[in-house]
Structures are given as structure tokens and as C-alpha cells.
Asker: 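Before we start, here is the structure in question, set down as C-alpha cells.
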Amino acid sequence: MQGRIVGGHTAAPNSIKYIVSLQSTRGQHFCGGSLVHRYWVLTAAHCNIGAEHMMIVAGDYIVNTFEGTEQYAKPHRLVTHPHYNRSTNNADIMLIKLRAPMVLNKYVSLAPLPRQGTGVFEGLVCRVSGWGYNNLDGGQAPFTLRTVTVPIVSSTRCNSSESFNGNITANMICAGYRTGGKDACKGDSGGPLVCRGCVYGVVSWGNGCGDAKFPGVYTAVSKFRRWIDQTIYGSYLRCTKY
């Protein structure tokens, strides 16, 4: 059930400036994420391995190769959504507060987010990117950032008895081709699904990778925009009572 780029191509160097790599303290990439504020990263809740085991890398293109464009930050705290359910994958979304801010430059920028409640329609072509496995049997994870375009699949079709059979909640988006073959895969978890220039989805889960019957499933970011803003800006937004 772990989050799962199949059938894609290598991204142009540093073309996706807001994507970050979540790595173990040993430098092992295990999830993706999006920089949404100089101090905050948006990713999937199931990528939570504990702040002390994690390093966030921005400005990366080829993971485990030092290119001189990378910035490293340790997490200060992890905020998983209070409704995250490990067994249903509902509300699979998490914010990571960094100990030090990332510096925005020509390699690192912020990801634009959709407004609360804005939807994506069936057939809209979006782009998912990551450093995950690019073949179905696992194999060696590619070290260069990859990207693939996938169309949005309606929740009705995704929830049909031929597909996920009612397991897609209102907080999820499905995307993939009827023929399969293009998808996010293991190691892409937490990474961005970008539609119309905004991060509408976070790579969450699926059934295999690139399976025609089972599109990739993403956390619907627009359902959580209010929570994201409250988490990041909450301490500033609250009025102090005298």
C-alpha cells in the first residue's frame, strides 16, 4: 500500500524547483515533498519516520550525487493531519517544519497551492514527479528526478467495483490512463501532482504501479488548504487576548 514514476521521462535539470527529497540520516531517499513556505514542506503522512531520522533536501536533481545546488535542513517538527487514518489512507497529508529556512534562488522556489475546495475535472492532464522506482519490480531506484503526465480520473470510475470499490474518499484524487503504464510508484510518495500550475495532489497510495484498472491515488490538497494555512500561519493569525 506504500505510495508508489512509471512510463515517464527525466525532468529537465532543476525545472521543478519546489520538489524536495526526504532522506534518511544516511542519505537514503524515501519520499518526496513540496516546499510551500521557506520553513515548511508538504508531504504524505505515511512518510513519517520520525523527525530525528529525517533530512530534507531542496534544490536536488540527482539524489546521492552532490551537484552544489542542494540545501539541507533538519525537521523541527512533523505535523500529521489529525484525521489521518493509516488503514484507509484518508487525510494522508503532513507538514514538516524545518529548523532553518530554505533560501529561495534559481534552484529552489515555493509550490503554489490551490484554494480551499477548488476541484479538478476528469480528463485534466496533470504532472507527477519524483525519484521513486521507474519499473514495476522495484529494481534500482533511479537517481535523477523523473516526471510523467497523467489525466484525472473521476471518483465515480475510481470507486467502481472494477477499480477501488468504494475506498476512495472525498479527500482523494485519482489520476492515470485507462491503458495504464504511467504512474507514480514506490519512493514517489509525498511528491507533487501538479495541475494548472498548482499542487493539487500528494502521492499517497495505489494498487501496484501503472495498472490499467487502478489509477494512482493522491491526497486532494485543496481539501486541506485551510488546515495548511492554519498550521503554518496559525500562531500569527490568532489575536492575543489582553
Asker: Before giving the answer on side-chain contact (heavy atoms from CB on, under 4.5 Å), spell out for Gln28 and Gln23 the whole-Å C-alpha distance, their side-chain angles and the decisive distance to 0.1 Å.
Answerer: CA-CA 5 Å; Gln28 209 67 36; Gln23 298 182 5; 5.9 Å; no

Asker: Grouping I, L, V, M, F, W and Y whenever their side-chain heavy atoms are under 4.5 Å apart, do Tyr18 and Val103 come out in a common cluster?
Answerer: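 In one cluster with Tyr18: Val103, no.
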
Asker: Decide whether Val125 and Val194 are clustered together by the hydrophobic rule: side chain heavy atoms of Ile, Leu, Val, Met, Phe, Trp, Tyr closer than 4.5 Å, transitively.
Answerer: no

Asker: Begin from the C-alpha positions of Val79 and Trp40 and carry the test side-chain contact (heavy atoms from CB on, under 4.5 Å) through to its verdict.
Answerer: CA-CA 10 Å; Val79 186; Trp40 292 88; 4.1 Å; yes

Asker: Can you list the steps and then say if His29 with Phe143 is a ring-ring contact (aromatic ring centres under 6.0 Å, His included)?
Answerer: CA-CA 9 Å; His29 166 87; Phe143 300 132; 9.6 Å; no

Asker: Can you name the residues that form a ring pair (Phe, Tyr, Trp, His ring centres under 6.0 Å) with Tyr177, not counting sequence neighbours?
Answerer: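 Ring pair (Phe, Tyr, Trp, His ring centres under 6.0 Å) check on Tyr177 returns nothing, list empty.
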
Asker: Going by the angle between their ring planes, with limits at 30° and 60°, are Tyr39 and His37 parallel, tilted or perpendicular?
Answerer: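 Because their plane-to-plane angle lies in the 30° to 60° range, the rings of Tyr39 and His37 count as tilted.
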
Asker: Same hydrophobic cluster for Val153 and Tyr218, using side-chain heavy-atom links shorter than 4.5 Å among ILVMFWY?
Answerer: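 No.
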
Asker: Can you classify the ring geometry of Tyr72 versus Phe66 as parallel (below 30°), tilted (30 to 60°) or perpendicular (above 60°)?
Answerer: parallel

Asker: Any link between Tyr84 and Val217 through a network of hydrophobic side chains (Ile, Leu, Val, Met, Phe, Trp, Tyr) touching at under 4.5 Å?
Answerer: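 As far as the 4.5 Å side-chain criterion goes, Val217 and Tyr84 are not connected within one cluster.
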
Asker: Are Ile152 and Phe121 side-chain neighbours, meaning at least one heavy-atom pair lies under 4.5 Å?
Answerer: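 The answer is no; the side chains never approach within 4.5 Å.
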
Asker: For residues Leu145 and Ile16, determine if any side-chain heavy atom of one lies less than 4.5 Å from a side-chain heavy atom of the other.
Answerer: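 Yes, at least one pair of side-chain atoms sits under 4.5 Å.
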
Asker: Could you work out the complete set of other residues in the hydrophobic cluster of Leu98, with links drawn between I, L, V, M, F, W and Y side chains under 4.5 Å apart?
Answerer: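 Members other than Leu98 - counting any ILVMFWY side chain reachable under 4.5 Å - are Val20, Leu22, Phe30, Leu35, Val41, Ile49, Met54, Ile56, Leu78, Met94, Ile96, Met102, Leu104, Tyr107, Val108, Leu110.
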
Asker: Could you name each residue pair satisfying side chain to side chain donor-acceptor pair (under 3.5 Å) that touches residues 158-169, not counting sequence neighbours?
Answerer: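 For residues 158-169: Asn90-Thr169.
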
